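Following: one structure in structure tokens, then a few remarks.
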2 protein chains.
Amino acid sequence: MEVSVSQENYLKTILKLERSEGIASNQAIAQNLDSTPAAVTGMLRKLCEEGLVEYEAYQGAKLTQVGEQHALSTVRKHRLWEVFLVEKLNFRWDTVHQLAEELEHIGNEDFVNRLAEFLGNPLFDPHGDPIPDAAGNIRERVDVVFSSEAEAGTMFVVCGVSDSSDEFLRHLNRLGIELGSKYHAVERFEFDGSMEWSNNQGARILISSGVSEKILIQVHA
Amino acid sequence: MEVSVSQENYLKTILKLERSEGIASNQAIAQNLDSTPAAVTGMLRKLCEEGLVEYEAYQGAKLTQVGEQHALSTVRKHRLWEVFLVEKLNFRWDTVHQLAEELEHIGNEDFVNRLAEFLGNPLFDPHGDPIPDAAGNIRERVDVVFSSEAEAGTMFVVCGVSDSSDEFLRHLNRLGIELGSKYHAVERFEFDGSMEWSNNQGARILISSGVSEKILIQVHA
DNA sequence: ATCAATTTTTAGTCTGGCTAAAATATTTTT
DNA sequence: AAAAATATTTTAGCCAGACTAAAAATTGAT
Ligand SMILES: [Mn+2]
Ligand SMILES: [Mn+2]
Ligand SMILES: [Mn+2]
Ligand SMILES: [Mn+2]
């Protein structure tokens, strides 16, 4: 009946893969958790026995209702703690992931809900990722695209990243890009897909395609 | 170099016993951690190897400088989290111990210090226990005695308890006694050591000796 | 049908902590 | 000082949880 830390990390990974790939393959799970397919098989069998995943040999894994709720609850905790760390303890967005990775495994629903309440029931975490509500509903954002899609001449606001690794976030720090930053897409260079953006002070920055493909934006009305 | 959750709980227990008994006997540790002397011996050897306790066979255990700092840091975290839970998340004082018992094992010094800062560097936890500062110094309270010592006629304020068990705290809840409550010691009945107190609304309560011996007070000037 | 890729099985390792019982040391009593 | 009582340590082994390497099996694609 008790779900271990390791199991919760598996559930989170399966949730992510299921949303992005439809099903969580053994190999993808292993890669995400920095483990091996053999180890994954063992854990999937355990999670299956406990009714948290549906799993048939060779067919990959899917979360059950119960498993999905548990995964969503863990994601909720993770993202709420990230908000706490950034908003209340003044951590920067590139330093909160590891701590949240530990905090997400503590306490019960009551605890999380009080934390959410205390934080004002935020809808997004410091990386722009949506925070599931107490029932596990995720409000998916509309009108969000990758900045690489922005047409020259449009205005947009940065509202998320698809890569929350410390390295990428630190790179954005150096470029001065953060959540809520507004830019004007000046031009795209077809040669290498890089772009030129300008902010409202008129300062210009050059963005490589690798970076622009990981930044989520909302185009200004 | 990494101290496990279990080891941190041992260090906290040894710290407590050392302060109260001078030395931490094998048996006392076992009793506190709900374990057995044999298990304690094993752990003490490990902690000794890691330089966290001084330990000679049959002579009981004492913390080294490093071990004491670590224990104090864990106690600091525990009590700060209790403050957070009560002050920010509106938990009651009888429901925070178990959660703090988990939270105390997470994160590093930077994290704790930011938490302390956020909470306004409180000096006491919700049970009146002093919170060590970042350097491990505990400001010991002066003029604090057990309420059983209060002489009839004196006024006093409740500032701590020597038993933070949920059961005892819930009993105090029922009696309406909390940290900061002011009372007047009306009379002590020598027959059984029980006392009568009155609050500033004139309401009177009868306090058994068992209870009065666990409540810490400061006598009013 | 064959082959390559993926997954599972097998067999065993490792960590961390625990227990029960026997042996040993210490402390207290006589 | 010896004996008895108490406390501690050793020994030997258990257990959970998670992992690994290599061999075997399955799948899916050509
Ligand atoms: Mn985690
Ligand atoms: Mn995040
Ligand atoms: Mn603890
Ligand atoms: Mn406390």
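Here is how names work: the chains are called A, B, and so on, in the same order as the sequence lines, proteins then strands, and each is numbered from 1. Because the structure is a prediction, the values reported are computed rather than measured.
Put simply, B/Ser4 has a side-chain N or O that comes within less than 4.0 Å of OP1 or OP2 on C/dG17. Phosphate proximity of D/dA7 to B/Ser25: absent, as no side-chain N or O sits under 4.0 Å from OP1 or OP2. Taking 4.0 angstrom as the limit, B/Lys46 places none of its side-chain polar atoms (N or O) nearer than this to OP1 or OP2 of C/dT15. OP1 or OP2 of C/dT9 lies within a sub-4.0 Å distance of a side-chain N or O belonging to A/Arg45.
Ranked by how close their nearest DNA chain D nucleotide is to the 5' end, B/Tyr55 and A/Ala39 are led by B/Tyr55.
Within a 6.0 Å radius of CD in B/Gln31, no more than 12 heavy atoms belonging to other residues, nucleotides or ligands are found. Annotation: B/Gln65, atom CD; neighbour count of heavy atoms from other residues, nucleotides and ligands within 6.0 Å does not exceed 12.
When distances run from any side-chain atom of B/Ser6 to the nucleotides D/dC19, C/dC18, D/dT8, the shortest one goes to C/dC18. Which of C/dA20, D/dC19, C/dG17 sits closest to the side chain of B/Ala38 comes down to C/dA20. In this structure, the nucleotide among D/dA18, D/dT9, C/dC18 sitting nearest to the side chain of B/Ser35 is C/dC18.
Within the nucleic acid shown, B/Thr41 comes within 4.0 Å of at least one base atom, counting heavy atoms only. If you check every strand for non-hydrogen atoms under 4.0 Å, B/Ala57 touches sugar and phosphate atoms only.
Ionic pairing of B/Glu149 and B/Arg188 is not present here: no N-O contact between side-chain nitrogen and carboxylate oxygen is shorter than 4.0 angstrom.
Between the base of C/dT24 and the side chain of B/Tyr58 there is a donor-acceptor pair shorter than 3.5 Å.
If you measure from atom CD of B/Glu56 to atom C1' of D/dT9, you get 14 Å, rounded to the nearest angstrom. The distance between atom CD of A/Gln27 and atom C1' of D/dT26, rounded to the nearest whole Å, is 15 Å. Whole-Å rounding puts the A/Asn26 CG to D/dA25 P distance at 18 Å. Atom pair A/Glu50:CD and D/dG17:C1' shows a separation of 11 Å (rounding to whole Å applied). Across the protein-nucleic acid pair, A/Gln59 atom CD and C/dT7 atom P stand 10 Å apart, rounded to whole Å. Atom CD1 of B/Ile23 is separated from atom P of D/dT8 by 10 Å (rounded to the nearest Å). Counting to the nearest Å, the C1' atom of D/dA7 and the CG atom of B/Leu17 are 16 Å from each other. We find that CD of A/Glu2 is positioned 12 Å from P of D/dA18, with the value rounded to whole Å.
Contact between A/Ala24 and A/Ile14 at its shortest, heavy atoms only, is CB-CG2, 3.8 Å.
Checked against side-chain contact (heavy atoms from CB on, under 4.5 Å), B/Ser194 has the following partners two or more places apart in sequence or in another chain: B/Phe189, B/Asp192, B/Leu206.
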